[in-house]
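Data first, discussion second: the structure below is written as structure tokens.
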Amino acid sequence: MPIVTIKAVRGVHDILPADTARWQRLEAVSRQVFEAYGYKEIRPPIFERTELFARGIGEVTDIVQKEMYTFEDRSGESLTLRPEATASVLRAYVEHGLHVLAKPVRLYTVGPMFRYERPQAGRYRQFHQLNLEAIGENHPALDAEVIGVLMELFRRLGLADRLTLSLNSIGDPACRPAYREKLVAYLRQNAGRLCGECRERTERNPLRALDCKKPDCQEVLDTAPSILDALCKECGEHFARVRQYLEALSLPYVVTPRLVRGFDYYVRTTFELLTGELGAQNAVAGGGRYDGLVQLLDGPPDPGIGFAVGMERVVLLLPPDAQDAVPLALLIPLGDKALVRLLPVAQAMRHSGVTVEVGYGVRKLRNELDRANRLKVPYVVILGESELEKGEALIREMGSGTQRPVPLDRLEAELIALGGVGRGAEPPSEVR
RNA sequence: GUGAGCGUAGCUCAAUUGGUCAGAGCACUGGACUGUGGCUCCAGGGGUUGAGGGUUCAAUUCCCUUCGCUCACCCCA
């Protein structure tokens, strides 16, 4: 190895072959679930004008203030690698007039996000999200639907019983300011028992003080006024109906009045899917309603709701794949003549969608068999001088060690017959 | 951005109070075994011990700096 090696940038990581099967499974199941609910994929670019995120996420949020990958392109324009997907999706929604479609417009997207944070367990600078958005409808049944999609995804992944759904309503511009005042008053009253940061938050962003983890602050916050008692009539009713629909769908949840989220744009319903298995990074997914955001991005006054799933965190929870896909057979030619005869056989099998590997005819049979053993292939085809003379090849079953001659012109058909039994193209995996 | 712990072969890890300490296992390639594997034995490739500097007769070991990893704060997916 050279003295100076180029390594991956801090906080980003390679997804290696040993893990890609899990990733592919997660993506496949997600698409199945989302599309079953009528959501269509959209693929926005991974960078946008910086202004889009500044406006959409909120100028005073941590993400915008200190976590964005922002750079100037050669024309001097300020661009930013997306730290989240919703702003991009809504920008595309407005830009291409998708609001004329039958509402709600149901969209999802899958891909990398970028945030400049200190890497940690389950937290990366480039990470991947599944994002789902339902735009143009404010009926509480849509809130329940979106949460239902999320829960169905995790049910299909077999993870539902290891996660809990936290649910809250954070009101809207009609009622939140009043609550904010009450909370600030309470926090000021008890400022002496709060940590320094929470005292700062009291003035700058009081809602964020609610999820401070320090025990002393928790104690103070336990008796703080609850947002749920301060909701206006409309918000209270909306929340009650969301709960009613979730119950109708038998979806368990825990009302968490102190659940606040990092983006400014959320109103009313907010939710998180939490796990106890990932250390400090306990949120596997999060989302909420964002009525008003489309308008903020120069679009029509369409309401919306959506969620994001952290794929790395899900993958960490998924059990490792039981078994790698292995080729059906290793074709072992002994010598170049045999190689020439086997190459088209391999090609034909691959045309049929059956995976095989071919040796190069230069190694000893012993070593090739040893290799076949380690590849865990169930069958091996041996073609040497004597077989060539007789116009046949040997098919050896590695498990039993038995082998039988097969006429060369029947070889391909025989192998495909062997591969037809539960091998080759796997049906879409139904993950329990 | 703050704090703590840790960086030795592709992987997992050794190396007495600084003194043959640069090693083992796994993996890889080959040989023992002229065309029949899973066992065993043997051999080989691969490291300026993360990088740079300092202390010392001598540094993997001690000190400083730096980079990276891990965990926590913070934030969130």
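The chains referred to below are lettered A, B, ... by the order of the sequence lines, with proteins before strands, and numbering in each begins at 1.
Checked against B:A77, B:G1, B:G35, the side chain of A:Arg118 finds its nearest nucleotide in B:G1. When distances are taken from the side chain of A:Phe127 to each of B:A77, B:U29, B:U36, the shortest belongs to B:A77. Distance from the side chain of A:Gln120 is smallest for B:C74 among the nucleotides B:G38, B:U29, B:C74. Residue A:Arg366 places its side chain closer to B:C33 than to any other of B:C74, B:G3, B:C33. Residue A:Asn367 places its side chain closer to B:G31 than to any other of B:G37, B:G31, B:A77. Which of B:A77, B:U29, B:G31 sits closest to the side chain of A:Arg363 comes down to B:U29.
Residue-level contact check: A:Phe307 touches neither bases nor backbone, having no heavy atom under 4.0 Å from any strand.
Other residues, nucleotides and ligands contribute only 12 or fewer heavy atoms inside 6.0 Å of the OH atom of A:Tyr116.
The base of B:G37 lies outside donor-acceptor range of the side chain of A:Asp370, with no N or O pair under 3.5 Å. Donor-acceptor pairing under 3.5 Å, judged by distance alone, is present between the side chain of A:Arg123 and the base of B:C74. A donor-acceptor contact under 3.5 Å links the side chain of A:Gln403 to the base of B:U36.
Salt-bridge formation is not detected for the pair A:Glu35/A:Arg31: no Lys NZ or Arg NE/NH1/NH2 atom is positioned less than 4.0 Å from an Asp or Glu carboxylate oxygen.
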